[in-house]
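In what follows, chains carry the letters A, B, and so on, assigned in the order in which the sequence lines appear, proteins first and then strands, with residues in each chain numbered from 1.
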Protein chains: 4
Amino acid sequence: MHTPDSDEAAEVGPSKAAARIRAAAVEMFAERGYGETSLRDITYGLGLSPGAVYPHYKTKESLLYAISLDGHTGALAAVTDAASCGHTAVEQLQHAVAAYVEWHARNQALARVVQYEWRSLSNTHYRKITTLRRRTTAVFANIIERGTRSGDFAVDDVDAAVLAISSLCIDVSRWFPTRRHNDPLRLSRAYVDLVTRMVVGRRL
Amino acid sequence: MHTPDSDEAAEVGPSKAAARIRAAAVEMFAERGYGETSLRDITYGLGLSPGAVYPHYKTKESLLYAISLDGHTGALAAVTDAASCGHTAVEQLQHAVAAYVEWHARNQALARVVQYEWRSLSNTHYRKITTLRRRTTAVFANIIERGTRSGDFAVDDVDAAVLAISSLCIDVSRWFPTRRHNDPLRLSRAYVDLVTRMVVGRRL
Amino acid sequence: MHTPDSDEAAEVGPSKAAARIRAAAVEMFAERGYGETSLRDITYGLGLSPGAVYPHYKTKESLLYAISLDGHTGALAAVTDAASCGHTAVEQLQHAVAAYVEWHARNQALARVVQYEWRSLSNTHYRKITTLRRRTTAVFANIIERGTRSGDFAVDDVDAAVLAISSLCIDVSRWFPTRRHNDPLRLSRAYVDLVTRMVVGRRL
Amino acid sequence: MHTPDSDEAAEVGPSKAAARIRAAAVEMFAERGYGETSLRDITYGLGLSPGAVYPHYKTKESLLYAISLDGHTGALAAVTDAASCGHTAVEQLQHAVAAYVEWHARNQALARVVQYEWRSLSNTHYRKITTLRRRTTAVFANIIERGTRSGDFAVDDVDAAVLAISSLCIDVSRWFPTRRHNDPLRLSRAYVDLVTRMVVGRRL
DNA sequence: GATGAATGAGACTTCATTCAT
DNA sequence: AATGAATGAAGTCTCATTCAT
């Protein structure tokens, strides 16, 4: 289970106005990118002036950090919680992939910021986020490793499999939704299927 | 087969200086993003002044377009050429995936710009690039459809499979290289394996 | 009678800082021309940075428009008000010419911008200003026409007379003041005399 | 009669290409103003590159000077020649006004540059041009003074009359042609009439 | 005589940020 | 908590001008 410590909560920005600003920023950052979004862009639709951001976030970058922290924390929680619901490696993998895909589909804008605007963070914040990313990847790596050792999975290159599975899930945020695929649940089922075939079963 | 028409060459910028500027821009756009890269950033390392771009590219955006056009054309050519070298659907898919993965790994910077800086194009240029992207996706879609109809592939959702395979390849440009995976050829082999298992063989 | 509507006030820029910027711009535009005056030129003497214009005027051109609108409105009001004070055509013409000459002499810088920097306006603004110019010319045309029909004036070519009278007044802003002519009132009396002779009395 | 000394000819730029450039510049300067016209604007329509100006004119300003010199010289010659064809003050004035009006109408673009772009000259060139302008004004001043002393003219304020007559003629270049007035000869006749009435005959 | 690449200055404009209100 | 004015830095782009070719 995920319990945010008070530091994190403080950094995300607790007030109602802060939340509105954050939400608007997520949409804009996702659509245009951090560098191409101005504070004016963010505040305009809220009926606020650009300066209204500063009582809530110290800088534009710290707004990105709040979003990043929020997003990465949520994604990690989703994956961790899901994985803990399975008993076998297969079950765990399937739950984790389903959760990760769904998270990227259901929170497409947030996910896009999390996955693609990351580089615009300051060094300090970048490093803090890196930890969360590693922990997320580790969830998948652990499952694949365990399943491979146990013989449940037939994987030649554990690393490559982890990369491939992560890519599959992460990349959802780049294109979702499509005319044909706009149902997060249906997509996650299809992807769980594909991932399972990728790692389970006989060598070719 | 790929035959570059002379128009394309003109739009990409044929002179030597234009090529140097384009190369520098690719690296910068890949590293920081289009919006966060200034013409100064691009020209400084070349010993040029920012204005030196303008004899070669009408605007910063048209420089991005030249890069995008070049990159998309190359990627499409790589995939098309590779697919045409296989006879069975399995062979074609394997060749195409290998080529696409390798292209993203070997031209990582260019690929990143192609896949992630696309949105900064003007409407007109955006539409022109969209055509090339659709043609690239179509190569994979055609192979999967054909293989599925012929029974070579066991795919429940053709669309999802095409998305997943594309994602796998495209996302390479986001993270490549890693300490463990920095050999394009080894990566492409591993990914061809994973993709093959995803689509070939019996239902689970 | 002249009643400024609130829209105009808004477009001209109502705040104190806006008025100072406008005043400085009038002097500069009059002296060097719009194209040769930079925002730095305008703001330097005010102790402001060039960007300080933007809270008040959206673009440099809109600053020119504000000045143009202000100036044309004022000139039209001056002429209209003056003409309405006369009963006979002769009186009306004399009042109107006196007012127009005086306006160009007393507001020489503004008048110069109004008469000579006009062409630098955007198409939309150009058209709006054109309306005011036509209304100003129409005041003179109406008087001359009426006076000619009534026999008060002996004018062969109404159009030419209107052009000549307008030219006389407008051109004041090009040269005023001179060492010998720096008193707006004295000038206007002399010009009223000349204009009166031009149109009144027997054929030559 | 007017005979250009060789210095002037050299400064105007004698070659064929120089003349083409000068002609294009006249049109552009007249339409947009010196400060808003670039060398590219001037050379584009000629199929030349901006640098092609430099074999012929040392700077953009010297191109304006060549035009100004040419124009002022021509205008002065026209007025001087015309005045010399009359015997009485009335005749001289009428000839001079006719010539000056016609010159501004027939050479509208050149005249506009001469009358309104003058201020963009360098100090040295500005002073040289000033001499020509004074000589032109002097032609009118001399006629009016002589005619007033002889009793041919009834003018209260010689200075004002000279200013008014000059204005009438000069301002033609600002608006000519109009839908109704596009015949230089007809205009000059109408204006000669108006000017004559202005100065001839009984006091009012 | 002319070009195309390049420069260096400077233009307008945007923007994150500050601060008095 | 929020605004509007303002700043200073920076961005894209233009332009007169130079120079090798």
Subject >> Dot-bracket encoding per residue of DNA chain E, Watson-Crick/G-U cut-off under 3.5 Å, | denoting interstrand >> reply: .||||||||||||||||||||
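Nucleotide E/dT18 holds its P atom 17 Å from the OH atom of A/Y57, rounded to whole Å. If you take CZ of D/R20 and P of E/dA2, they are 8 Å apart, rounded to a whole angstrom. Rounded to whole angstrom, the span from the CE atom of A/M28 across to the C1' atom of E/dC15 amounts to 15 Å. The distance between atom CG of C/L48 and atom C1' of F/dG4, rounded to the nearest whole Å, is 14 Å. The CG-P distance, from C/L46 to F/dA6, rounds to 10 Å in whole Å. Computed from coordinates, the B/I21 CD1 to E/dA6 C1' distance equals 10 Å when rounded to whole Å.
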Subject >> Stepwise side chain to side chain donor-acceptor pair (under 3.5 Å) test for D/S122 and D/E61 >> reply: CA-CA 7 Å; D/S122 71; D/E61 187 270 343; 3.2 Å; yes
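Comparing F/dA5, E/dT3, F/dA2 by their closest approach to the side chain of D/A52 singles out E/dT3. Of the candidate nucleotides E/dA5, F/dA2, E/dG8, E/dA5 has the atom lying nearest to any side-chain atom of B/P55.
Residues satisfying the side chain to side chain donor-acceptor pair (under 3.5 Å) test with D/T59, not counting sequence neighbours, are none. In terms of the side-chain contact (heavy atoms from CB on, under 4.5 Å) criterion, A/Y44 has no residue partners (sequence neighbours excluded). Residues satisfying the side-chain contact (heavy atoms from CB on, under 4.5 Å) criterion with B/A25, sequence neighbours excluded, are B/F29, B/I42, B/L63, B/I67. Scanning for side-chain contact (heavy atoms from CB on, under 4.5 Å) contacts around A/E31 gives an empty result, with sequence neighbours left out. Residues passing the salt bridge (Lys or Arg N to Asp or Glu O under 4.0 Å) test with C/D70: none are found, sequence neighbours excluded. For the side-chain contact (heavy atoms from CB on, under 4.5 Å) test, residues two or more places apart in sequence or in another chain that qualify with C/Q108 are C/R112, C/F176.
Ring orientation note: the planes of B/H72 and B/W118 are tilted relative to one another, at an angle of 30° to 60°.
Between C/H56 and F/dG4 there is no side-chain polar atom (N or O) within less than 4.0 angstrom of OP1 or OP2.
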Original post:
In the 5'-to-3' direction, what one-character label does each nucleotide of nucleotides 11-16 of chain F receive under the scheme B = base within less than 4.0 Å of a protein heavy atom, S = sugar-phosphate only, - = no such atom?
Top reply: SSBBSS
What pairs of donor and acceptor atoms, side-chain ones from residues 46-57 of chain C against any protein atom, are under 3.5 angstrom apart with sequence neighbours left out?
unit_1, atom_1, unit_2, atom_2, d
C/H56, ND1, C/S15, OG, 3.4
C/Y57, OH, C/V12, O, 2.6
C/Y57, OH, C/A18, O, 3.4
C/Y57, OH, C/R22, NH1, 3.1

